[in-house]
Novice: 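I have a structure I would like to understand better, so I am pasting it below and will then ask my questions one at a time.
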Amino acid sequence: MDSSFDPHAIETPLYEEWETADYFAPSGNGPGYCILIPPPNVTGTLHMGHAFNQTLMDTLVRYKRMKGCRTLWQMGTDHAGIATQMLVERQLAEAGKTRHELGRDDFIEKVWEWREQSGGTIARQIRRMGGSLDWSRDRFTMDDGYAEAVLTVFERLYDEGLIYKGSRLVNWDPALGTAISDLEVENNEEQGHLWHFHYPLLDGLQTGDGTTHLTVATTRPETMLGDTAVAVHPDDERYAHLVGGFVNLPLVDRRIPIIADEYVDREFGTGCVKITPAHDFNDNEVGARHDLPLINIFTAEASINDNAPEKYRGLTREDARKAVVADLDGLGLLGEVKDHKLMVPRGDRSDAIIEPLLTDQWFVKIGPLAEPAIAAVENGDIQFVPKQYENTYFAWMRDIQDWCISRQQWWGHQIPAFYDDAGNVYVAADEAAARVKYNLDAGVTLTQDPDVLETWFSSALWPFATLGWPEETPELEQFLPSNTLITGHDIIFFWVARMIMMTLHFTGKIPFNTVYVHGLVKDAEGHKMSKTRGNGLDPLDFIDGIDLDSLVTKRTTNLTQPQLAPRIEKATRKDFPDGIPAYGTDALRFTFCALATTGRDVRFDLNRIEGYRNFCNKLWNASKFAFMNTEDFDPSAARELTLIDRWLRSKLHTLIKDVEYALDTYRFDIFAARIYDFAWREYCDWYVELAKPLLWDANLSAAEKQGIRLTLLEVLEALLRITHPVMPFITETIWHPVAEKLGRNKDTIMLQAYPEQREFQADEQAEVQVEWLKAVITGIRNIRGEANLKPNQELDVLLDGGDDADRERATAMAPMLKRLANVTAINWLEAGSEVPAHALSLVGDLKVMVPLAGLIDVAAETARLDKQLEQLRKDLERIDKKLGNESFVSKAPVEVVDKERAKRADLEERVATLENQLAELKALE
RNA sequence: GGGUGUUUAGCUCAGUUGGGAGAGCGACGGCCUUACAAGCCGUAGGUCGCAGGUUCGACCCCUGCAACACCCACCA
């Protein structure tokens, strides 16, 4: 083995070995266990969220595989319609071209080319993370087989009346030129204005105070060009007499009615609302109730169209706004203009302001699909961890709206609907099938719907389409439902809910039993990582390291808002003054597990990963120690387990139970913490250190030394198996030589059985004894430390008090005690002899005394004991108060009261001893 | 406007059924002790967000409030 841990030397070659040996494919005859990867975008790159998500999945997958399950981690990628199309369009734009110049077929060809070129990136990155996915079953949502599933689903839903086409107000992204679903709209509060406009009353009408106009307020002045009414509340006396009358819509010179509708809030503004049914979801409903005309004034790019007065045509919505306000002002019809905060809807991909626009779109009638999906969670077939997400799910599902699935885009599954010249619709997988299905002769010309399906429509089929559906495959039989879905809470609606609906509808099975929802990865300040913010981190940079300048360049290139670059650079130079060191994959994975506490977002903290990189090094060095002390080790030689061996094995016995419980309950943080604690504290700090003096002790029998060497190796070997799911590379590397020494099978640790409790025996007595030993050693170390004695300053120790057990232990453990506390001689105080001035430590009834002998300063020792005494007195006081409380004694359970009494007695004795000791010290001053 | 989560040591976070507040990192002091200075030994840090309530007893249960984060929602 190399002298120190170097992740790069081991990781990549090891992964290639695993993959070549086909260790990732399902094997064995155990129970099936399946996890589906949330398919990353095929042309994307790995971000921290992926790395976190995949670490948790791989940890579980490796654990289950070692537990003997026939385990499948299903790999696949998503065609990511809008995201990918945007990317390729941007590339075209750099070459000065548009997709329209290219034409649909050539453009799609270009996207496939891009996929060929960049599709391997994310796969390579996932491999670097150590993910044990079954690459042989890799699926892509645009594969032929997958496409067949998508078309089949569409057709069946259409035939069942669950997909329909309709003309509706939808969320329109004018930058992308497509409709998007409600979920793809992000509403954020932004600063805007509230403009008040005066609409002149017609036919001589007046308000109560003689005003000849109605004043309406709006945050969107330009939409007034499409107003078709003014509404007031039906019970509003101020305007009751005007209902049924008319106002003149300025600039447009249109006569529009004054209507009464409950929708209006009398308290807000003037109590009068302009109604624009074609450009506002609320107004649209009002318009429908009052049979108002819909006047669409926007083009697909959100410029003013020909339905508006000539003057405004062709203006962008921003310019139109300015013009409308200026013109009304010129007419004296502009009232107050106030600052106003409002929710602005923006497209999640384009960041463009979303326009409600009347268009023809395809919808999924979602109610009938939602019902069984709600039931599946209600009745516990599907469980969310943490459970509170079930409420989030229910809330959304119970109020779910029909799903707009058509996109005016080119990259994606083209909608399998065909139209004849008369506009009749025929739905089938392809044109030929449509002709057969609808009995159309060759004379009928058919044109396919140009739109594509939104990406989430196809990813909703992931649980069964990846396993071969609509064919009936053995994989469907074995791996549906899958076991655990691991995902962030940001895609519960987008993906999880829709998978549940679709899978239930088409297979009659639930897609998965458990949904484990983890938090999102935030930066050290708790902010969401994003390209725009420039605070994103590349997981590969933690593995390989990156220098500061490269990191700055990475974060500031290709920004959507280049003006932010200086700020991002400054922040980056401040947060990462030395760039990022190479920590290796294992350290990164361990960090993710350690931070994966339930129901909480994770702040990625550089200090944590550094600590866990150090932990890797610790493991590496511990194994070096084990090897150095087991040269010529013969696993079959006679051995006898010593006390510390029995103690360590007993600790391991408990560890195995704890890690199993942790993983079974998705407590990755506890899993990591227990491993860390056992490996570092128990194995390294105590066992190895205790073993040293024994291995070097001439009085110890060969069998006992063999017992120690065996334990050194066996416990390490088991620890490596326990740790392997989270740190696959270092454990595999170290495991081989260990297993070899133990004479075991040595293909790969990946396929070894996960440790079971029965491999290591519990031994309560050994634990008690070693705890005693640790207490004595710690006591002496405390004296040494507080008295500022050099470690190489040898000490003698005198023991007094205690019982027979103490005497036996002191004799038996003398070598360990001497070395770990750096003590030369241990003697018992002879009865009747004089007690020298000493520093004191108490272990139960046993007095551990270190004679001052000119080494220890009386004042320092006094201070040390004072500190201890003060703490003891505080404890005593608290207990006295408790026991002095009549209600406590009478009402608390007897065992609790007894416990307090015992504690009190013990404390009292210790206090007395220390007081005594302090008095003696005082006499020395 | 509705909902969810969070608030514990300087920082990041644990704390299972109510019964003596924990870890890692950082800080401080001492050590190159023959696996490891990416290390070893020791020490110091907390009215558990605030205010009430239930209880013999509350970080834990209940009520209210505050701050922060996120989700949902049509207030012009």
Side-chain angles (χ1 to χ4, degrees), chain A residues 3-5 182 187 194 216-220 231 263-265 267-276 280-286 340 342-343 386 388-389 391-392 395-396 399 489-490 492-493 519-520 522 524 526-528 581 594-595 597 599-608 610-629 661 665 667 669-670 673 676-677 680-681 684-685 688-689 692 696 778 781-786 788-792 819-820 822 864 867 875 878-879 882 885-893 895-897 899-900 903:
Chain A
S3 58
S4 80
F5 167 62
D182 298 348
N187 291 294
L194 192 61
V216 297
T218 181
T219 53
R220 305 239 9 225
Y263 158 68
V264 180
D265 177 356
E267 309 303 320
F268 190 92
T270 56
C272 297
V273 187
K274 64 189 268 306
I275 300 295
T276 321
D280 183 283
F281 288 101
N282 292 314
D283 292 6
N284 188 261
E285 285 175 25
V286 174
H340 183 72
L342 72 161
M343 297 300 274
Q388 76 237 19
Y389 285 108
N391 293 328
T392 311
W396 188 69
D399 188 35
H489 55 71
D490 51 337
I492 291 178
F493 304 147
L520 271 28
K522 308 282 190 68
H527 296 127
K528 208 165 159 176
L595 293 174
T597 57
R600 224 179 151 129
D601 288 343
V602 305
R603 290 190 183 204
F604 199 84
D605 183 358
L606 221 55
N607 293 323
R608 294 294 286 261
E610 184 179 341
Y612 295 129
R613 188 270 318 261
N614 295 354
F615 177 60
C616 292
N617 192 49
K618 191 72 179 174
L619 267 185
W620 187 267
N621 282 298
S623 62
K624 248 171 60 186
F625 176 85
F627 297 144
M628 287 170 63
N629 285 280
Y661 178 78
T665 53
R667 289 301 304 265
D669 59 326
I670 295 178
Y676 185 96
D677 182 63
W680 203 314
R681 306 273 86 94
C684 293
D685 287 353
V688 165
E689 294 306 323
K692 284 174 185 173
W696 303 337
T778 307
R781 280 175 176 173
N782 178 260
I783 291 171
R784 188 187 279 281
E786 293 290 278
N788 250 330
L789 295 182
K790 303 285 177 199
N792 59 5
R819 179 174 158 93
L820 269 67
N822 198 9
R864 190 182 71 90
K867 203 164 59 187
D875 290 350
R878 192 171 37 76
I879 291 182
K882 225 171 175 180
N885 182 345
E886 179 49 38
S887 339
F888 172 72
V889 180
S890 58
K891 292 190 180 172
E895 57 275 19
V896 173
V897 178
K899 203 171 139 200
E900 292 296 318
K903 244 188 292 183

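Note that the structure is a prediction, hence the values are computed from the model and not measured. Reminder, nothing fancy here: chain letters follow the sequence lines and each chain counts from 1.
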Novice: Quick one: stems for RNA chain B, with Watson-Crick or G-U pairs under 3.5 Å, at least three in a row?
Specialist: B:1-7 with B:66-72, B:10-13 with B:22-25, B:27-31 with B:39-43, B:49-53 with B:61-65
Novice: Which pair of non-hydrogen atoms, one from T219(A) and one from L194(A), has the smallest distance, and what is that distance?
Specialist: CG2-CD1, 3.7 Å
Novice: Test for a donor-acceptor pair under 3.5 Å between the base of U12(B) and the side chain of R603(A), counting only N and O atoms.
Specialist: no
Novice: Among all residues two or more places apart in sequence or in another chain, which pass the salt bridge (charged side-chain N to carboxylate O under 4.0 Å, His left out) test with K528(A)?
Specialist: none
Novice: Whole Å only: how far is the CD atom of E610(A) from the P atom of A37(B)?
Specialist: 15 Å
Novice: A38(B), A14(B), A76(B): which one has an atom nearest the side-chain heavy atoms of F5(A)?
Specialist: A38(B)
Novice: Quick one: is Y676(A) getting a side-chain N or O under 4.0 Å of the C25(B) phosphate, OP1 or OP2?
Specialist: yes
Novice: Taking atom C1' in both C40(B) and U34(B), what distance in whole Å separates the two?
Specialist: 14 Å
Novice: Quantified in whole Å, what is the C1' atom distance between nucleotide C72(B) and nucleotide G57(B)?
Specialist: 41 Å
Novice: Can you confirm whether more than 12 heavy atoms, excluding those of F281(A), are under 6.0 Å from its CZ atom?
Specialist: yes
Novice: Is the shortest side-chain N/O distance from N782(A) to OP1 or OP2 of U43(B) below 4.0 Å?
Specialist: yes
Novice: Could you check how far CD of E285(A) sits from P of A76(B), rounded to whole Å?
Specialist: 15 Å
Novice: So, is R608(A) close to the C25(B) phosphate, meaning a side-chain N or O under 4.0 Å from OP1 or OP2?
Specialist: no
Novice: Over how many whole Å does the gap from I492(A) atom CD1 to C72(B) atom C1' extend?
Specialist: 13 Å
Novice: Which letter, B, S or -, goes with each nucleotide of nucleotides 5-10 of chain B from 5' to 3', with contact meaning a protein heavy atom under 4.0 Å?
Specialist: SSS---
Novice: Which letters describe nucleotides 53-58 of chain B, given B = protein heavy atom under 4.0 Å from base, S = only from sugar-phosphate, - = neither?
Specialist: ---B--
Novice: Who passes salt bridge (charged side-chain N to carboxylate O under 4.0 Å, His left out) against D677(A), sequence neighbours left out?
Specialist: R674(A)
Novice: May I have the distance from K522(A) (atom NZ) to C13(B) (atom C1'), rounded to whole angstrom?
Specialist: 15 Å
Novice: Is any N or O donor-acceptor pair between the side chain of K790(A) and the base of C31(B) shorter than 3.5 Å?
Specialist: no
Novice: How close or far is atom P of C72(B) from atom CG of D490(A), stated in whole angstroms?
Specialist: 11 Å
Novice: N629(A) and K692(A): side chain to side chain contact (heavy atoms under 4.5 Å, CB included), yes or no, with the steps?
Specialist: CA-CA 9 Å; N629(A) 285 280; K692(A) 284 174 185 173; over 6 Å; no
Novice: Are R784(A) and U33(B) close enough that a side-chain N or O sits under 4.0 Å from OP1 or OP2?
Specialist: no
Novice: Under the ring-ring contact (aromatic ring centres under 6.0 Å, His included) rule, collect the residues that match up with W696(A), sequence neighbours excluded.
Specialist: none
Novice: How close do F888(A) and K882(A) get, heavy atom to heavy atom, and via which atoms?
Specialist: CD2-O, 3.4 Å
Novice: Ignoring backbone atoms, test whether H340(A) places a side-chain nitrogen or oxygen under 4.0 Å from the OP1 or OP2 oxygen of C75(B).
Specialist: no
